[in-house]
J.: 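Below is one structure. I have some questions about it.
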Amino acid sequence: MSAGVDAHVHLWDRSADPQDWIDPETMAPIARDFGICDLSGMLASTGLDRAVVVQSSNSLEESIRLASLDSPAVAGLVAWVDLTAAVAPQLDRIRSNAAVPVVGVRHLAHIDPDPQWLMREDVGAGLTVLEREGLCFDLVVREWQLPQAVHLATRHSGLRLVLDHLGGPPAPGQDVSGWASRLRELARRPNVVAKISGLTSGLVPGSWRAADLAGPVTVALESFGPERLLYGSDWPLAELGGGAAPWKSAVQALLDGLSTAQRARIFGGNAADVYSLS
């Protein structure tokens with residue numbers, strides 16, 4: 001069995017990278033710094049070995065700092081670069097003196113001031129460079145942006161796209177039909193995989209059970225199959241919904257019907273393949 005990999009975590013030092021999106025009142029559990037020691041503790045609590053660190057802000061300097069983290073707990077970095085500018089020199093800056101391999105790129109498209117950012121021609125040119133470099137592009141989008149993701153996946157059929165947080169399904173108790181049809185359409189593109197992640201960060205700790213999340217996870221399994229799904233904690237944002245360990249337990253319960261080999265793929269094997277982790 002391959003070593004367990006958490007495909008989606010964040011680390012930040014707010015003195016260097018302020019993370020202005022964190023509201024100290026409504027997001028008190030994450031209104032502090034999170035470093036390697038915190039990550040190692042979280043991984044131990046969830047029984048996984050290492051993690052893919054994902055950018056938290058659209059900042060090249062943050063990505064350069066994250067790439068310098070030298071720890072066996074960090075398997076790779078999904079960095080940020082400005083895809084509307086020359087991509088290769090930015091990647092060179094991140095990679096110089098890096099201890100962590102750059103395995104992908106992400107842009108916070110879900111909060112970009114341009115609602116059509118994913119459709120821009122200069123972004124498309126940047127994505128072509130990622131494809132040439134053998135890097136993935138992580139898609140962090142709202143439900144309404146999933147059709148844009150379909151367009152992107154079709155236009156860049158040679159680029160591996162990784163959908164974060166299942167594309168933001170509605171909260172438990174809400175109608176998931178619109179999201180589900182859009183997710184299924186995206187899943188028809190063979191170059192797209194998806195992370196089972198981020199489903200509890202908007203929920204109140206103790207207010208949810210695994211069964212409350214069964215709808216989106218079932219749709220994801222039917223759409224992508226266990227060979228194209230990756231587990232991610234979205235830690236430390238998982239702390240907002242009660243912690244990474246309860247989330248991991250919930251996902252395990254929801255995947256109980258799969259074989260041991262299929263669960264091993266979701267909890268590490270697929271991440272190792274998608275991100276070409278050593």
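In what follows, residues are counted from 1 in the order of the sequence shown.
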J.: Is a side-chain donor or acceptor of Asn191 paired with a backbone partner of Gly158 at a separation under 3.5 angstrom?
T.: no
J.: Should Leu230 and Val52 be marked as a side-chain contact (heavy atoms from CB on, under 4.5 Å) after you check the CA-CA gap, both sets of side-chain angles, and the distance that decides it?
T.: CA-CA 11 Å; Leu230 293 64; Val52 175; over 6 Å; no
J.: If you compare all heavy atoms of Ala153 against all heavy atoms of Leu186, which two are closest, and at what distance to 0.1 Å?
T.: CB-CD1, 4.3 Å
J.: Quick one: do Gln116 and Gln148 satisfy side-chain contact (heavy atoms from CB on, under 4.5 Å)? Show the steps, please.
T.: CA-CA 8 Å; Gln116 299 292 315; Gln148 295 183 29; 3.5 Å; yes
J.: If you measure from the Lys or Arg side-chain nitrogens to the Asp or Glu carboxylate oxygens, is any gap between Glu133 and Arg95 under 4.0 Å?
T.: yes
J.: Return the minimal non-hydrogen interatomic distance between Leu240 and Ser201, and the atom names on each side.
T.: CB-O, 3.3 Å
J.: If you count heavy atoms of other groups shown closer than 6.0 angstrom to CG of Asp92, is the number above 12?
T.: yes
J.: Is any side-chain heavy atom of Pro236 closer than 4.5 Å to one of His10?
T.: yes
J.: Considering all heavy atoms of both residues, which atom of Ile64 and which atom of Arg93 are nearest to each other, and what is their separation?
T.: CD1-NH2, 3.5 Å
J.: Quick one: do the Ser233 and Asp6 side chains pair a donor with an acceptor below 3.5 Å?
T.: yes
J.: When rounded to the nearest 0.5 angstrom, what is the spacing between CZ in Phe267 and CD in Gln252?
T.: 5.0 Å
J.: Under a plain distance cut-off of 3.5 Å, with no hydrogens placed, do Ser157 and Arg189 share a side-chain donor-acceptor pair?
T.: no
J.: Is any side-chain heavy atom of Lys248 less than 4.5 Å from a side-chain heavy atom of Leu48?
T.: yes
J.: Is Phe137 reachable from Tyr275 through a run of hydrophobic residues whose side-chain heavy atoms are each under 4.5 Å from the next?
T.: no
J.: If you look at every heavy atom in Ser71 and Ile36, which pair is closest and at what distance?
T.: OG-CG2, 3.5 Å
J.: Looking at side-chain heavy atoms only, is the closest gap between Val193 and Asn270 below 4.5 Å?
T.: no
J.: Report yes or no: does Ser223 contribute a side-chain atom to a donor-acceptor pair with the main-chain N or O of Ala220 at less than 3.5 Å?
T.: no
J.: Within the structure provided, determine whether Leu60 and Val81 are in side-chain contact (heavy-atom separation under 4.5 Å).
T.: yes
J.: Determine whether Leu139 and Val162 satisfy the following criterion, side-chain contact (heavy atoms from CB on, under 4.5 Å), listing intermediate values before the conclusion.
T.: CA-CA 6 Å; Leu139 283 163; Val162 185; over 6 Å; no
J.: Do the charged groups of Asp138 and Lys195 touch, with an N to O distance under 4.0 Å?
T.: yes
J.: Do the charged groups of Arg182 and Glu185 touch, with an N to O distance under 4.0 Å?
T.: no
J.: Got Asp212 and Leu203 here, is their nearest side-chain heavy-atom distance under 4.5 Å?
T.: no
J.: Using a strict 4.0 Å threshold on nitrogen-to-oxygen distance, state whether Asp13 and Arg65 make a salt bridge.
T.: no
J.: Side chains of Leu183 and Leu163: does their closest heavy-atom pair fall under 4.5 Å?
T.: yes
J.: Would you give the length of the straight line joining atom CG of Leu229 to atom CG of Leu166, rounded to the nearest 0.5 angstrom?
T.: 7.0 Å
J.: Using modelled atom types and a 3.5 Å cut-off, is there a donor and acceptor pairing between side-chain atoms of Asp256 and backbone atoms of Ala253?
T.: no
J.: For a quick test of your reading: what N or O donor-acceptor pairs under 3.5 Å do the side chains of residues 101-113 make, sequence neighbours left out?
T.:
from, atom 1, to, atom 2, distance (Å)
Arg106, NE, Gln55, OE1, 2.7
Arg106, NH1, Asp164, OD2, 3.1
Arg106, NH2, Gln55, O, 2.9
Arg106, NH2, Gln55, OE1, 3.3
His107, ND1, Trp80, NE1, 3.0
His107, NE2, Asp112, OD2, 2.7
Asp112, OD1, Asp114, N, 2.8

J.: With rounding to the nearest 0.5 Å, note down the distance linking CZ in Arg228 to CG in Asp273.
T.: 14.0 Å
J.: With under 30° as parallel and over 60° as perpendicular, where do the rings of Trp247 and Tyr231 fit, or are they tilted in between?
T.: parallel
J.: Of all heavy-atom pairs between Leu130 and Cys136, which one has the smallest distance, and what is that distance?
T.: CD1-O, 4.2 Å
J.: Between Val87 and Thr128, is a side-chain contact (heavy atoms from CB on, under 4.5 Å) present by the stated rule, with each step listed?
T.: CA-CA 10 Å; Val87 170; Thr128 299; over 6 Å; no
J.: Is there a path of hydrophobic side-chain contacts, each under 4.5 Å between heavy atoms, that joins Val78 and Trp235?
T.: no
J.: Is there a chain of hydrophobic side chains (I, L, V, M, F, W, Y, each step under 4.5 Å between heavy atoms) that links Leu277 to Val53?
T.: no
J.: Is there a path from Leu237 to Val140 through hydrophobic residues (I, L, V, M, F, W, Y) whose side chains come within less than 4.5 Å of each other?
T.: no
J.: Once rounded to the nearest 0.5 Å, what's the spacing between atom CG of Leu213 and atom CD1 of Ile196?
T.: 11.0 Å
J.: Answer whether the closest heavy-atom distance between the side chains of His165 and Val141 falls below 4.5 Å.
T.: no
J.: Is it true that Phe224 and Val219 fall in one hydrophobic cluster, defined by side-chain heavy atoms closer than 4.5 Å?
T.: yes
J.: Heavy-atom distance under 4.5 Å between the side chains of Gln19 and Glu62, does that happen here?
T.: yes
J.: Can you tell me how far the CG atom of Leu11 sits from the CG atom of Leu69, to the nearest 0.5 Å?
T.: 6.0 Å
J.: To check you understand the geometry: which heavy-atom pair defines the closest contact between Trp12 and Ser56, and what is its length?
T.: CE3-OG, 3.6 Å
